[in-house]
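Have a look at the structure below, then the notes.
Basis for what follows: all heavy atoms, side chains included, without hydrogens, waters or symmetry-related copies.
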Amino acid sequence: MPRSLIVRADCIAQIKSCLLRNGFPSQKILAENLGLSQSTVSNFLNGRPVDFINFQELCVALGQEWREIASLEDNTSITEPSISTPQSSPALEIPEGQVCLSSPFYINRPPIEQRCYETIIQPGALVRISAPRQFGKTSLMARILHHAQCQGTRAVTLSLQLAERRVFESSNLFLQWFCASVSQELDLVDAQQLTKYAQLAQIIGDNQSCKAYFEQYLLPALKVPLTLGVDDIDRVFDYPEIAEDFLGLLRSLHEEAKRREIWKNLRLVIAHSTEVYIPLDVNKSPFNVGLPVKLSEFETQHIQQLAQRHGLGNCQLLQHWVGGHPYLLRLGMYHLACGDLSLEKWAEEISYDAGVYGDRLRRYWWNLEREAGLIEAMRKVAIASEPVLLPSLQAVKLYSLGLVEFEGSLCQPRCRLFQDYFRDRCHSK
């Protein structure tokens, strides 16, 4: 095994272009994320010798296959490392929640990331991300906000999942919570300012008061642009009156950038996991402006990259069961890479409550039980040999959970795992 590698001369330009595309606007940030010296990163990017292990780590961070870009310092042959050695893959991570910024297990889906990075630095920008749950929305949002912060803006994320139920009693309470929460994330909480605009709302209305709070207090206080990520925005869909006011407000704030200079300092990233199933005035909806980003399942090349980073070879059997579902792929690969059980044993138990996906499948079942009619709707999809037509609201909710995919207006199970599990579970109920 060689002790050092260099990037081939004809690949240097390609590698340098991968920095920004993978969320690293500078060599320094890449070095800090990997815990390497800047000189090591500089050597790598400029075709000078780099320790073999560091070379691999840098390739993983930049989404590159090391064998395709490496040239040995002494021009001897490159030997593929054994997948059983620690050097073959990065340290495994339990797949849960957001994939951290420095994780080698985040898979880029070109050209999505690059388009988002280019858009979010524009004055008054709006990026809207939609996908079923556990498809990578929050992880992508984190990278967009990180890029924006590296470009000199203040970047904060607010998840509507953090809002208590009482907050949704009225638009007034919800928008007060929204203003206070953003202020808290920015460390700009001022009780007098919040009281002032709460009182103003009684005269000019909640939306106008919230807009004034940003325009007259928050944005001027920052002195730099604000990039605000609003995650889990679909939570307001269950409260139509609040949704109409809040979504109309977001659209209005985005449109203000075309008219007033101060609003160019607000850039928005919003994410939701369902299709919008509430009626909205087309002129008051944020879902028909800005850059639309729809995350889909991983394609074969993405699955291969993820398998390589787990030190695995052929994962066709896993793909056969879970398709391109990002979270289910990571979870399956994690357990395979850990050696928890053999591939054959794993395949036998995959759709059982006691199998690798047991906890996840039971959570899906619990979510179906919470909504009247969803279990029956999923049963129809699971037992059918062809895609089926469901009532639109049921179809949207099953899609938002990631259980079905659309073929036109018809629904079918997203993967064989779901088809087998829910067919058997619903039949025995």
Does Lys28 reach the side chain of Gln38, with side-chain heavy atoms less than 4.5 Å apart?
yes

Interatomic distance, CG@Asp231 vs NE2@His272, rounded to 0.5 Å, equals 11.0 Å

Is a donor on one side and an acceptor on the other found under 3.5 Å between the side chain of Thr195 and the backbone of Ala191?
yes

Would you compute the distance between atom CD1 of Ile303 and atom CG of Leu306 and round it to the nearest 0.5 angstrom?
8.5 Å

Checking Ser159 side chain against Asp232 main chain: does a donor-acceptor pair fall under 3.5 Å?
no

N/O donor-acceptor pair under 3.5 Å between Thr119 side chain and Cys116 backbone:
no

Would you list the atom pairs, donor with acceptor, under 3.5 Å between side chains in residues 403-414 and any protein atom, with sequence neighbours excluded?
{"from": "Glu405", "atom 1": "OE2", "to": "Gln412", "atom 2": "NE2", "distance (Å)": "3.1"}
{"from": "Arg414", "atom 1": "NE", "to": "Gly402", "atom 2": "O", "distance (Å)": "3.2"}
{"from": "Arg414", "atom 1": "NE", "to": "Val404", "atom 2": "O", "distance (Å)": "3.4"}
{"from": "Arg414", "atom 1": "NH1", "to": "Glu297", "atom 2": "OE2", "distance (Å)": "3.3"}
{"from": "Arg414", "atom 1": "NH2", "to": "Val404", "atom 2": "O", "distance (Å)": "2.9"}

Geometric cation-pi criterion Arg360 and Tyr364, 6.0 Å radius, 45° cone
yes

Could you tell me which non-hydrogen atom of Ala377 sits nearest to which non-hydrogen atom of Leu398, and how far apart they are?
CB-CD1, 4.0 Å

Any non-hydrogen side-chain atom of Asp206 less than 4.5 Å from a side-chain atom of Phe174?
no

Is it the case that the side chains of Asp245 and Asn207 hold a donor-acceptor pair, with the cut-off being a distance below 3.5 Å and no angle test?
no

Side chain to side chain, Arg235 and Phe168, heavy atoms closer than 4.5 Å:
yes

Who are the salt bridge (Lys or Arg N to Asp or Glu O under 4.0 Å) partners of Arg109, not counting sequence neighbours?
none

I'd like to know if the side chain of His254 reaches the main chain of Arg251, judged simply by a donor and an acceptor atom lying under 3.5 Å from each other, with no hydrogens or angles considered.
no

Decide if atom CD of Gln301 counts as having more than 12 heavy atoms of other residues, nucleotides or ligands within a radius under 6.0 Å.
yes

Please examine the side chains of Leu222 and Asn265, heavy atoms only from C-beta on, and report whether any two atoms are closer than 4.5 Å.
no

Measure across Cys415 and Trp321 and return the closest heavy-atom pair with its distance rounded to 0.1 Å.
CB-O, 3.4 Å

Return yes if a side-chain donor-acceptor contact under 3.5 Å exists between Tyr213 and Ser183, otherwise no.
yes

Strictly distance-based, threshold 3.5 Å: is any side-chain N or O of Tyr217 a donor or acceptor partner for the main-chain N or O of Leu188?
yes

Looking only at heavy atoms, the pair that brings Leu158 and Ser181 closest together is CD1-CB, 3.6 Å

Does some side-chain heavy atom of Pro132 sit less than 4.5 Å from a side-chain heavy atom of Tyr399?
yes

Evaluate whether atom CD of Gln184 has more than 12 neighbouring non-hydrogen atoms of other residues, nucleotides or ligands under 6.0 angstrom away.
no

Can a donor-acceptor pair be found, under 3.5 Å and without considering hydrogens, that links the side chain of Asp234 to the backbone of Ser273?
yes

Counterpart residues, salt bridge (Lys or Arg N to Asp or Glu O under 4.0 Å), relative to Lys397 (two or more places apart)
Glu371

With side-chain contact (heavy atoms from CB on, under 4.5 Å) as the test, pick out the partner of Thr227 among Thr157, Thr153, Val156.
Thr153

For Asp187, I'd like to know if atom CG has over 12 heavy atoms of other residues, nucleotides or ligands within 6.0 Å.
no

Of the non-hydrogen atoms in Gly313 and Ala307, which two are nearest, and what is the gap between them?
O-CB, 3.9 Å

Pair Arg166 + Glu169, salt bridge at N-O below 4.0 Å
no

Non-hydrogen atoms of Leu160 and Trp177 that approach each other most closely
CD2-CZ3, 3.7 Å

For the backbone of Trp366 and the side chain of Arg370, can you confirm whether one donor and one acceptor N or O come within less than 3.5 Å of each other?
no

Atom CZ of residue position Arg115 - does it have more than 12 heavy atoms of other residues, nucleotides or ligands inside 6.0 Å?
no

If only side-chain N and O atoms count, and only distance matters, is there a donor-acceptor pair under 3.5 Å linking Gln308 with Gln304?
no

Looking at Gln316, I want to see if its CD is surrounded by more than 12 non-hydrogen atoms of other residues, nucleotides or ligands under 6.0 Å.
no

Measuring centre to centre across the rings, with the benzene-like ring taken for any Trp, is Phe135 within less than 6.0 Å of His325?
yes

